[in-house]
Amino acid sequence: MTEQSAKLAIAGTDYQLPVLEGSVGPDVVDIRKLYGQADVFTYDPGFTSTAACQSAITYIDGEKGILLHRGYPIDQLAEKSTFMEVAYLLMHGELPKQAELDKFTYTISRHTMLHEQLATFFRGFRRDAHPMAIMCGVVGALSAFYHDSTDITDPEQRMIASHRLIAKMPTIAAMAYKYSIGQPFMYPDNSLTYTGNFLRMTFGVPAEPYEVNPVIENAMRRIFILHADHEQNASTSTVRLAGSSGANPFACIAAGIACLWGPAHGGANEAALNMLREIGEPKRIPEYIARAKDKDDPFRLMGFGHRVYKNFDPRAKVMKKTADEVLKELGKSDPVLDVAKELEQIALNDSYFIEKKLYPNVDFYSGVILNAIGFPTEMFTSLFALARTTGWVAQWNEMIADPEQKIGRPRQLYVGEAARDYVPVGQR
Ligand code: CMC
């Protein structure tokens with residue numbers, strides 16, 4: 001840490017604030033002791049300039065379009081590693097040696113099944129329930145089934161809960177899908193890869209053998225890796241905030257799922273494909289571009305823009321390439337992909353999008369791929385949640401182990417009434 005400090009002058013008084021230095025990226029002004037010395041809070045709704053924690057997991061340089069997990073560039077991981085390697089990396093800080101990877105993969109595979117009674121939870125939902133609604137409920141309910149891994153003061157229990165969450169998410173997501181279409185649940189097959197097993201549980205049926213298509217499996221592997229973690233985004237911050245009160249890990253991840261659901265966050269993949277379908281054909285694109293630029297119209301180009309990336313989203317590049325590969329393998333042409341490519345070109349050359357630094361994000365092309373593979377639109381955000389669970393548990397573990405961690409308790413700029421006396425109902 002550095003000796004630098006910052007000076008804040010308020011009403012003629014100077015306050016010295018320490019400046020902390022990270023390994024890369026912007027320094028931070030440490031304002032923890034400001035309130036107490038001065039009668040002020042800092043104000044940053046939306047956290048546009050606020051570091052809420054220290055973390056050694058993921059680094060993003062939004063200006064340069066860089067995303068690193070534990071120092072490794074996302075495109076290298078997406079190209080070369082397995083999802084289990086990335087999960088291990090996020091959790092433990094280093095890429096696993098072969099023996100470590102084998103042990104981790106085996107451990108995860110031992111936790112893929114759900115307690116049998118959890119199946120009855122699914123039956124309590126309407127068939128047309130959104131899979132994210134089911135996932136919020138079922139993941140939260142895990143805490144009622146796995147009492148032996150909810151003591152967050154015990155590192156071993158924390159690790160078991162983390163393994164359970166990573167292992168059971170594909171099973172839960174696949175069951176949510178099966179329930180919606182009225183097919184029997186498929187038990188996991190631990191001889192398959194993490195992604196292969198998920199594809200089989202989703203698209204297989206007990207009556208027939210299921211062959212995993214290696215191109216689809218590879219595309220899913222990439223999609224999962226590209227979604228695995230993303231620094232202190234809204235859902236990860238939600239997981240941390242929920243966890244900061246000492247809530248159990250299953251409840252914290254359920255909170256993360258709830259936050260991810262919103263269309264400004266994980267729900268954007270579903271919204272992006274719906275938008276591309278609605279546009280339907282390239283000649284209608286200008287109409288939608290005009291709407292996106294119109295201040296009086298709440299419409300936004302879904303899958304475009306990012307709080308942090310102001311150059312390009314490195315995940316979107318890999319997604320676009322994967323979309324082409326998957327459609328080629330499946331021998332499909334998809335008018336939606338044509339609309340997406342054309343829309344990207346038009347937007348990238350439009351002064352509104354250039355000036356506001358709006359580029360396609362990870363969600364712009366992922367929907368096209370998932371659609372081609374056969375996932376219904378409502379499942380898209382569940383797949384994001386499935387993959388992001390590795391990041392959530394890594395961040396949650398890091399937070400719990402951090403001795404500086406306190407309960408997250410923001411303050412506010414109060415703009416309501418000052419103190420006043422109660423008025424009896426007949427006198428109001
Ligand atoms: N279409 C049209 N205009 C946009 C868009 C868009 N997609 N995104 C931002 N803008 C405009 C916005 O209207 C604002 O204009 P002005 O300065 O004139 O008021 C300006 O760009 C800055 O936008 P902002 O909302 O202040 O920026 P933000 O950092 O708070 O929001 C965002 C980031 C991702 C929520 C936003 O870009 C957005 O809503 N995008 C569409 C939804 C989306 O694709 N979300 C997925 C994000 S990536 C995956 C994930 O993290 O979950």
Side-chain angles (χ1 to χ4, degrees), residues 44-50 58 60 62-63 65-67 69 74 78 132 223-240 255-276 278-279 285-320 340 343-370 377 380-392 395:
D44 187 15
F47 297 100
T48 50
S49 298
T50 297
T58 291
I60 302 174
E63 295 300 327
I66 290 172
L67 167 59
H69 291 320
I74 189 64
M132 287 295 276
I223 289 176
F224 284 177
I225 290 174
L226 293 175
H227 286 95
D229 192 51
H230 212 228
E231 205 226 54
Q232 306 311 321
N233 57 86
S235 58
T236 301
S237 298
T238 301
V239 170
R240 280 184 178 259
I257 295 170
C259 178
L260 185 76
W261 195 356
H265 192 8
N269 54 13
E270 183 176 340
L273 191 79
N274 287 337
M275 175 194 76
L276 293 171
E278 192 184 303
I279 297 174
I285 291 173
E287 180 194 326
Y288 283 81
I289 295 270
R291 283 188 62 195
K293 288 157 56 172
D294 181 354
K295 278 248 159 280
D296 299 324
D297 189 332
F299 174 78
R300 285 187 167 197
L301 277 194
M302 299 314 288
F304 253 78
H306 199 274
R307 168 61 64 79
V308 182
Y309 294 119
K310 299 299 175 197
N311 183 328
F312 65 92
D313 180 342
R315 303 169 300 173
K317 280 193 169 176
V318 185
M319 266 323 168
K320 187 176 180 181
L343 178 60
E344 179 184 356
Q345 275 322 305
I346 293 176
L348 290 181
N349 289 302
D350 186 296
S351 59
Y352 174 93
F353 293 89
I354 294 169
E355 276 157 27
K356 293 188 190 302
K357 300 186 174 176
L358 301 170
Y359 294 84
N361 60 47
V362 67
D363 292 322
F364 192 65
Y365 284 105
S366 64
V368 177
I369 306 170
L370 296 173
T377 327
F380 292 1
T381 314
S382 305
L383 305 183
F384 193 156
L386 183 175
R388 182 56 58 86
T389 297
T390 52
W392 287 333
Q395 301 264 355

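Atoms within a ligand are numbered from 1 in the order they appear, just like the ligands themselves.
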Between Glu278 and Tyr288, does a side chain to side chain donor-acceptor pair (under 3.5 Å) hold up when you go through it step by step? CA-CA 10 Å; Glu278 192 184 303; Tyr288 283 81; 2.9 Å; yes
Trace of the side chain to side chain donor-acceptor pair (under 3.5 Å) decision for Thr48 with Asp44: CA-CA 7 Å; Thr48 50; Asp44 187 15; 2.9 Å; yes
Quick one, Ile346 with Ile289, criterion side-chain contact (heavy atoms from CB on, under 4.5 Å). Give me CA distance, side-chain angles, the key distance, then yes/no. CA-CA 8 Å; Ile346 293 176; Ile289 295 270; 4.0 Å; yes
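Ligand 1 is never approached by Phe299 to a heavy-atom distance shorter than 4.0 Å. Ligand 1 lies nowhere less than 4.0 angstrom from a heavy atom belonging to Asn233.
Under the 3.5 Å distance criterion, with hydrogens and angles disregarded, a donor-acceptor pair is assigned to the side chains of Trp392 and Ser235. Glu344 and Tyr359 form no side-chain donor-acceptor contact under 3.5 Å, judged by distance and modelled atom types alone. Remark: the Asn269 side chain and the Thr381 side chain contain an N/O donor-acceptor pair separated by less than 3.5 Å. At a cut-off of 3.5 Å, with distance as the only test, no side-chain donor of Glu231 or Gln395 sits close to an acceptor on the other residue.
The single protein non-hydrogen atom nearest to atom 40 (N) of ligand 1 is Phe304 O, 2.9 Å, given as residue, atom name and distance. Closest to atom 7 (N) of ligand 1, if we only count protein heavy atoms, is Leu301 O, 2.7 Å. Of the protein's heavy atoms, Asp363 OD2, 3.1 Å lies nearest to atom 49 (C) of ligand 1. Ranking protein heavy atoms by distance to atom 45 (N) of ligand 1, first place goes to Ala264 O, 3.0 Å. Remark: minimum distance from atom 51 (O) of ligand 1 to any protein heavy atom is reached at His265 ND1, 3.5 Å.
For ligand 1, the atoms lying closer than 4.0 Å to a non-hydrogen atom of Ala292 are 2 (C). Residue Tyr352 approaches ligand 1 through these ligand atoms, each under 4.0 Å from one of its heavy atoms: 2 (C), 3 (N), 4 (C), 11 (C), 13 (O). Atoms of ligand 1 found under 4.0 Å from any heavy atom of Phe384 (numbered from 1 in listed order, with element): 52 (O). Below 4.0 Å from some heavy atom of Gly303 lie the following atoms of ligand 1, by number and element: 43 (C), 44 (O). Distances below 4.0 Å separate heavy atoms of Ala268 from the following atoms of ligand 1: 43 (C), 44 (O), 45 (N), 46 (C).
By heavy-atom distance, the residue among Val362, Leu260, Asn361, Leu358 lying nearest atom 10 (N) of ligand 1 is Leu358. Taking only non-hydrogen atoms, the option from Arg300, Lys295, Met302, Lys356 nearest to atom 12 (C) of ligand 1 is Arg300.
Atom 17 (O) of ligand 1 lies below 4.0 Å from at least one non-hydrogen atom of the protein. Counting only heavy atoms, the protein gets under 4.0 Å from atom 33 (C) of ligand 1.
One distance of note links CG of Asn274 with CD1 of Ile279; it measures 11.5 Å at 0.5 Å rounding.
A distance-only check finds a donor-acceptor pair linking the side chain of Asn311 to the backbone of Glu63 [under 3.5 Å].
When heavy-atom distances to ligand 1 are checked against a 4.0 Å cut-off, Phe364 has no atom that comes that close, whether in backbone or side chain.
Stacking of Lys356 on the aromatic ring of Phe353 is not recorded, the 6.0 Å distance cut-off and the 45° axial limit not both being met.
His230 and Tyr309 have tilted rings, their planes meeting at an angle from 30° to 60° on a 0 to 90° scale.
Of the polar atoms of Phe353, none of the N or O atoms is found under 3.5 Å from an N or O of ligand 1, judged by distance alone. Among the atoms of Arg307, some N or O lies under 3.5 angstrom from an N or O of ligand 1.
The shortest heavy-atom contact between Asp363 and His265 is OD2-O, 3.6 Å.
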